[in-house]
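Read through the structure below, which is laid out as structure tokens, and then see the notes.
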Amino acid sequence: MKRECGPTLLTSPRTIAADAAGIAEAARILRHGGLVALPTETVYGLAADAASDAAVARIYAAKARPKFNPLIAHVTCLEAALGQGLFSADALRLAEAFWPGPLTLVVPLAPGATVCAASRAGQQNIALRVPIHPVALAVISAVGRPLAAPSANRSGRMSPVTAAHVARDFAGEIDLILDGGRCPVGLESTIIACLEEPPRLLRPGGIARKDIEAVLGHALGEPAGAGPVRSPGMSRSHYAPRAKLRLGAATLDNGEAGLDFGGIFGAAQNVLDLSPGQDLAEAAANLFSFLRELDAREAACIAVAPIPCEGLGEAINDRLARAAAPRDTHSIAKVGN
Ligand code: TXA
Ligand code: MG
């Protein structure tokens, strides 16, 4: 497949099905220091051997991601995570409740950890996640080492939830795309820093705050920005679509495209409804692909219907606010994911 990019034609990365042969090929490439985009339950990740400074350097280069923005290390189970990080009682409780699944825990680095300094951006703590997607688990298990994997988009762009989305962002910089269909959750993992008491919410995501607080038995600390622990990649302006976004819109203005929720805009050609039945999980799963689709229709502005802030709505509203924030290209270049 070819795609046009300025005056030259660039070859899209090789894409193969995520069957047994595809998983074996992905593992072979990863063991040799290559880059493979693969599905997780949240979004597609751009994976490399987390123990290899050289392989991880290729992730930063391919994404044009600043080197001070650390990566999540993906492992197959809690036992593997315990080899990389030191878990407090709260961290253990969360891991036992939500792994495998869309939760990332930031914990102090364990003494014998094998995840390289480049993957951690030199920090003495580490972000760890056990995905539940069978393809992601099979690839990590076949490689036999933790995989560093940021979302498989160029820095500052929207996260990909299909193999085709990944192919639009990359050409020869990555070695393979493993096509495992659409990512079911559609939003990135929730990130909790377990470095102090109480644990802090660094990024709302695929697991709702209330479910995490129910397991902890107390409230989470303030989000990133309110204290010393920050998630370096949580820039205000991110996920930048080409169109402007008008959030909390009750009606559709002339010429606008509409990202609806619960059918308030009525049926119109330029409207996509995240969830006609107001189901927040369905809305999360559709969010990035609908935003991309509406953006491609070339309206100057996308009106977005109000979405309640409860449950997964917190993460959906967080991503929409970032997509709507004034473009600060400098800050995207500095801290984009
Ligand atoms: O669902 C997900 O989390 C996806 C899939 C592929 O697993 N990954 C993902 O990675 O969203 P990325 O790199 O796009 O976003 C990870 C975020 C960044 O904002 C980064 O700054 C933060 O996690 N992060 C990574 N390590 C950290 C650390 N040690 N301390 C604080 N924040 C960290
Ligand atoms: Mg990202």
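Please read these numbers as outputs of a predicted model, since none were measured by experiment. Note that ligands are numbered from 1 as they come in the structure, with each ligand's atoms numbered from 1 the same way.
Ionic pairing of R292 and D295 is not present here: no N-O contact between side-chain nitrogen and carboxylate oxygen is shorter than 4.0 angstrom. At a threshold of 4.0 Å, the pair R154-D169 does not count as salt-bridged, since none of the basic side-chain nitrogens sits closer than that to a carboxylate oxygen.
With atom 30 (N) of ligand 1 as the reference point, the heavy atom nearest to it among L195, I126, T190, V106 is part of V106.
For R182 and S289, the side-chain atoms include at least one donor-acceptor pair closer than 3.5 Å. One side chain, R129 or T40, offers a donor N or O that lies under 3.5 Å from an acceptor on the other. Side-chain atoms of R157 and S151 form no donor-acceptor pair, as typed in the model, at a separation below 3.5 Å. Under 3.5 Å, the side chains of T76 and S141 contain no donor-acceptor pair of N or O atoms.
Residue contact annotation: N153 places no N/O/S atom under 2.8 Å from the Mg ion (ligand 2).
Counting atoms of ligand 1 from 1 in the listed order, those under 4.0 Å from a heavy atom of T42 are 1 (O), 2 (C), 4 (C), 5 (C). Taking every non-hydrogen atom of E188 and a distance limit under 4.0 Å, the qualifying atoms of ligand 1 come out as 1 (O), 2 (C), 11 (O). Counting atoms of ligand 1 from 1 in the listed order, those under 4.0 Å from a heavy atom of H74 are 5 (C), 7 (O). Counting atoms of ligand 1 from 1 in the listed order, those under 4.0 Å from a heavy atom of N69 are 18 (C), 20 (C), 21 (O). For ligand 1, the atoms lying closer than 4.0 Å to a non-hydrogen atom of S189 are 1 (O), 2 (C), 3 (O). Under a 4.0 Å criterion applied to the non-hydrogen atoms of A127, ligand 1 contributes the atoms 25 (C), 26 (N), 27 (C), 29 (N).
The residue R120 has no part lying near ligand 1, judged by heavy-atom distances below 4.0 Å. With a heavy-atom cut-off of 4.0 Å, R65 touches ligand 1 through its side chain alone. If you look at A149 next to ligand 1, the close heavy atoms, those under 4.0 Å, all belong to the backbone.
Checked by atom type and distance alone, the side chain of R120 never pairs as donor or acceptor with a backbone atom of A73 at under 3.5 Å.
Ligand 1 has an N or O atom lying under 3.5 Å from an N or O atom of R203, backbone or side chain.
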Handout entry: Audit row: E213, K210, salt bridge (charged side-chain N to carboxylate O under 4.0 Å, His left out) steps and yes/no
Key = CA-CA 5 Å; E213 292 181 340; K210 68 170 171 17; over 6 Å; no
